[in-house]
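Here's the structure we're looking at; comments come further down.
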Amino acid sequence: DNDDWIFELKLDGMRALTIKNNDKLEMLTRNDRSLIDRFPTLAAALRDLQADTAVLDGEIVALDEKGHSHFELIQPRIHLSRARDIAEADERIPVYYYAFDLLYVNGFDLRHLPLEHRKSILRKLIPADGGWIRFTDHIESRGKDFFDAVSSHKLEGIVAKHKRSQIGRAHV
């Protein structure tokens, strides 16, 4: 518990950096592999974000019937390459993009801003309709209670982040 920290639910999926530059879109893995063709529904939704340019950090997840993310649910989609197989998987195994950070938007580099401010701007960018793109919400200060709740529901875990953390320019 600490007023300087926020706590997010740890999602069990694929980390993806999304770069939107007008009509061009890229979703990259940690190894700089493109995911854009593998997740066409997400790509379409990300293109529709109300920003000309943006860089988002997030997680691509598949959810079970309780709304919990599980990597094994998304695993069958990871290595598909044929357009027909990808289209069928997109119907059978829907995935969502949970954005947890915003690094750049409409000409403004946000990396120097504290995390709490970047998340505030991100919250305004993500539609609140619970669609394909979702905001990764957080709990402030009360990490112990949040951890206990997550543990009791047998979820993946939590991630603690300092509210005022910034991102060095060399990391993006």
Side-chain angles (χ1 to χ4, degrees), residues 1-2 5-20 25-30 33-51 54-80 85-103 105 115-163 165:
D1 289 350
N2 190 313
W5 291 80
I6 64 169
F7 304 92
E8 297 172 349
L9 181 64
K10 184 177 184 317
L11 299 168
D12 194 11
M14 296 178 62
R15 181 89 174 262
L17 186 70
T18 299
I19 303 160
K20 181 182 182 200
L25 184 77
E26 192 57 75
M27 288 189 304
L28 301 170
T29 67
R30 290 182 186 185
R33 293 196 177 162
S34 178
L35 297 169
I36 199 75
D37 294 331
R38 295 180 191 265
F39 301 103
T41 299
L42 292 185
L46 287 160
R47 280 188 182 93
D48 288 342
L49 280 178
Q50 296 300 302
V55 178
L56 296 92
D57 200 356
E59 190 93 3
I60 298 172
V61 301
L63 304 174
D64 67 13
E65 63 283 346
K66 294 180 182 176
H68 302 156
S69 65
H70 297 285
F71 184 73
E72 60 269 8
L73 295 176
I74 200 172
Q75 218 165 4
R77 293 191 62 166
I78 292 175
H79 299 294
L80 298 178
D85 295 339
I86 291 168
E88 288 174 4
D90 211 30
E91 290 291 321
R92 280 191 341 271
I93 310 166
V95 293
Y96 304 88
Y97 186 83
Y98 278 81
F100 51 76
D101 204 349
L102 180 63
L103 311 177
V105 67
L115 174 63
E116 62 186 335
H117 291 138
R118 295 192 313 271
K119 284 189 67 104
S120 175
I121 297 167
L122 175 63
R123 184 185 303 264
K124 294 174 185 169
L125 181 65
I126 303 298
D129 64 2
W132 301 111
I133 312 302
R134 299 177 178 190
F135 176 75
T136 303
D137 214 343
H138 59 272
I139 301 294
E140 294 190 29
S141 307
R142 300 185 60 194
K144 290 178 184 177
D145 290 341
F146 187 50
F147 180 80
D148 290 343
V150 166
S151 296
S152 71
H153 287 92
K154 297 180 176 35
L155 297 173
E156 180 72 10
I158 68 171
V159 178
K161 298 178 180 179
H162 199 277
K163 286 166 54 169
S165 66

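When reading the values below, keep in mind they use all heavy atoms of this one structure, side chains included, and skip hydrogens, waters and symmetry mates.
- Atom NZ of residue Lys161 and atom CH2 of residue Trp5 lie 11.0 Å apart, to the nearest 0.5 angstrom.
- Taking all atoms of both residues into account, the shortest heavy-atom contact from Asp48 to Gln50 is O-NE2, 3.2 Å.
- Taking Arg15 as the reference, Asp57 meet the side chain to side chain donor-acceptor pair (under 3.5 Å) condition, with sequence neighbours excluded.
- Residues Ser69 and Leu155 fail the side-chain proximity criterion, which asks for heavy atoms closer than 4.5 Å.
- Sorted by first then second residue, the side chain to side chain donor-acceptor pair (under 3.5 Å) pairs that include residues 128-137, not counting sequence neighbours, are Tyr98-Arg134, Arg123-Asp137.
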Worked verdict on Leu73 versus Leu63 for side chain to side chain contact (heavy atoms under 4.5 Å, CB included): CA-CA 7 Å; Leu73 295 176; Leu63 304 174; 5.8 Å; no
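- Residues passing the ring-ring contact (aromatic ring centres under 6.0 Å, His included) test with Phe100, sequence neighbours excluded: none.
- Here the closest non-hydrogen pair linking Gly13 and Val61 is CA-CG1, 4.0 Å.
- Annotation: side chain of Ile78 is in contact with side chain of Phe71 (closest heavy-atom distance under 4.5 Å).
- Under the 4.5 Å side-chain criterion, counting only non-hydrogen atoms from C-beta, Lys10 is not in contact with Ile158.
- In this view, Ser151 satisfies the side chain to side chain donor-acceptor pair (under 3.5 Å) rule with no residue, not counting sequence neighbours.
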Derivation and outcome, side chain to side chain contact (heavy atoms under 4.5 Å, CB included), residues Thr18 and Leu25: CA-CA 7 Å; Thr18 299; Leu25 184 77; 3.7 Å; yes
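- Atoms OH and CG, on Tyr97 and Leu35 in that order, are 9.5 Å from each other to the nearest 0.5 Å.
- For the residue pair Pro40 and Ile86, the shortest heavy atom distance occurs at CD-CG2, 3.7 Å.
- In terms of modelled atom types and a separation under 3.5 Å, the side chain of Arg118 and the main chain of Leu103 share no donor-acceptor contact.
- Separating the CG atom in Asp12 from the CD atom in Glu59 is a distance of 7.5 Å, to the nearest 0.5 Å.
- Within a 6.0 Å sphere centred on CD of Glu72, heavy atoms belonging to other residues, nucleotides or ligands number more than 12.
- Listed by chain and residue number, Asp64, His68 satisfy the side chain to side chain contact (heavy atoms under 4.5 Å, CB included) test with Lys66 (two or more places apart in sequence, or in another chain).
- Here the side chains of Asp90 and Arg77 are in contact, with some heavy-atom distance below 4.5 Å.
- Using a 4.5 Å heavy-atom threshold, the side chains of Thr41 and Pro94 count as separate.
- Residues Leu17 and Val55 meet the side-chain proximity criterion, which asks for heavy atoms closer than 4.5 Å.
- Residues Met27 and Arg38 have side chains not in contact (no heavy-atom distance under 4.5 Å, counting atoms from C-beta outward).
- How far CD of Glu88 is from CD1 of Ile93: 10.5 Å, rounded to the nearest 0.5 Å.
- How far NE2 of His162 is from CD1 of Ile6: 10.5 Å, rounded to the nearest 0.5 Å.
- The distance from the CD1 atom of Ile121 to the CD1 atom of Ile126 is 12.5 Å, given to the nearest 0.5 Å.
- In this structure, Asp1 does not pair ionically with Lys144, as no charged nitrogen and carboxylate oxygen lie closer than 4.0 Å.
- Residues that satisfy the salt bridge (Lys or Arg N to Asp or Glu O under 4.0 Å) test with Lys20, not counting sequence neighbours, are absent from this structure.
- Val95 approaches Ala62 most closely through the heavy-atom pair CG1-CB, 4.2 Å.
- Using a 4.5 Å heavy-atom cutoff, the side chains of Glu8 and Lys119 are in contact.
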